[in-house]
Amino acid sequence: MDNRLATLPDLLMCKNGIQVTTAADWIRKRRPEILELFRTHVYGREPQPLSVRFHVAEEKGYMGGKATRKKVDITFTGPYGKGVIPLLLFVPNAIETDKPAPVFLLINNRDNDYLDLDQEEQDEFWPAKAIVDRGYAAAVFHVKDVDPDEHDGFRNGVHGIFEAPGTPDAQRPSDAWGTIAAWAWGASRVMDYLDTDTDLDANRVAVVGHSRGGKTALWAGALDERFAMIVSNNSGSTGAAISRGKKGETIYHINTRFPHWFAENYKKYNDRENELPVDQHMLLSLIAPRCVYVSSATEDTWADPQSEFLSLKLAEPAYRLLSAPGLGTHSFPQPETPIHGKKLGYHLRTGEHDLKEYDWHCFMDFADKNFNY
Ligand code: GTR
């Protein structure tokens with residue numbers, strides 16, 4: 001396939017040199033090892049919240065009666081204070097059936113925070129009406145409400161709620177969580193709420209992220225097995241794309257431009273991809289046998305579509321161990337030709353780095369097929 005494959009860590013080989021050949025050994029031995037490697041070397045270690053509470057601040061009819069708009073405040077506490085994540089939800093009013101709705105949750109990293117979106121507004125990045133029309137609840141929270149996207153020495157946002165005030169940057173453990181891990185933690189707090197809402201089917205929640213949000217969605221899905229489907233759009237470096245031999249953004253680039261996103265340990269791998277004990281296909285494999293969808297855009301060479309696709313292919317052995325066949329094709333597809341396999345899906349869209357309504361329809365086509373297990 002690719003000559004960089006020779007330098008990849010072996011997905012199925014345990015630290016003690018034994019090859020995993022059964023689902024039970026994958027679940028008990030190899031999967032926890034890989035998760036721990038990502039915590040230590042890439043994203044950092046997340047804390048447990050001390051408490052999480054929900055307040056439904058609004059519930060009213062929208063979209064000509066097709067949906068109920070809910071605004072929920074999710075309040076969490078840590079040793080040094082509390083934080084609030086506002087969540088917006090449009091839940092389809094299933095007239096003909098009382099079945100709870102499956103959910104698409106967007107981790108929003110755009111300027112528009114959508115929290116006052118009403119039925120008139122439509123936006124390709126979060127096409128709430130199109131999502132509701134297809135029978136899914138549309139949910140969104142903004143990353144800034146968990147942790148602002150800036151390097152402030154880990155004082156603002158959720159870091160300041162869990163780490164002693166005044167801790168100098170240099171005294172933080174080298175595997176302390178970065179901002180991507182903080183956002184993923186926020187997605188789990190939202191999942192805490194979704195789990196309690198009887199209008200929703202908590203067993204069919206897809207978490208979607210674009211770019212830095214796509215990196216976040218994958219890490220959230222690896223940590224939190226309540227997410228049934230993970231969608232990573234144009235996530236590139238330290239998202240879906242294999243780091244070894246990657247074109248465009250490298251580990252050095254990402255750590256230099258966004259020094260707050262990952263654990264301090266990750267900086268050791270600047271220009272030393274081959275020394276990393278993991279690569280990103282191993283992140284995808286942590287989600288097995290749940291659904292993973294990766295999408296790329298033809299002009300998004302900084303993210304490197306080929307490397308994003310390669311990760312999915314290389315995660316397949318873990319899926320096979322857990323009785324899910326995966327993509328079922330080996331070649332990189334043409335644009336606008338989605339591959340919707342069992343549990344693994346991919347498409348390449350013509351155009352630039354962005355999240356468009358076309359992408360959403362592909363995600364929902366894949367969910368229509370894969371949520372019916
Ligand atoms: C890019 C960055 C990527 C990606 C993206 C985004 O400039 O290099 O890693 O996260 O921004 O979030 O839009």
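Computation of the quantities below employed the complete heavy-atom set of this structure, encompassing side-chain atoms and omitting hydrogens, waters and symmetry-equivalent molecules. Whatever order the structure lists ligands and atoms in, that order sets their numbers, starting from 1.
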Can you find a heavy atom in the side chain of Phe125 that is under 4.5 Å from one in the side chain of Asn108?
yes

Between Thr179 and Pro148, the two heavy atoms sitting closest are CG2-O, 4.4 Å

Would you mind listing every side-chain hydrogen bond (donor to acceptor under 3.5 Å, both in side chains) that reaches into residues 5-17, with sequence neighbours excluded?
Asp10-Gln19

Flag the pair Pro333 / Tyr346 as yes when at least one side-chain heavy-atom distance between them is below 4.5 Å, and no otherwise.
yes

Would you call the rings of Tyr269 and Tyr266 parallel, tilted or perpendicular if under 30° counts as parallel and over 60° as perpendicular?
tilted

Side-chain heavy atoms under 4.5 angstrom apart, residues restricted to Ile, Leu, Val, Met, Phe, Trp, Tyr: same cluster for Val190 and Val208?
no

Name the residues in contact with ligand 1, where contact means a heavy atom under 4.0 Å away: which are they?
Ser211, Arg212, Lys215, Glu249, Ile254, Arg257, Phe258, Trp261, Trp302, His353

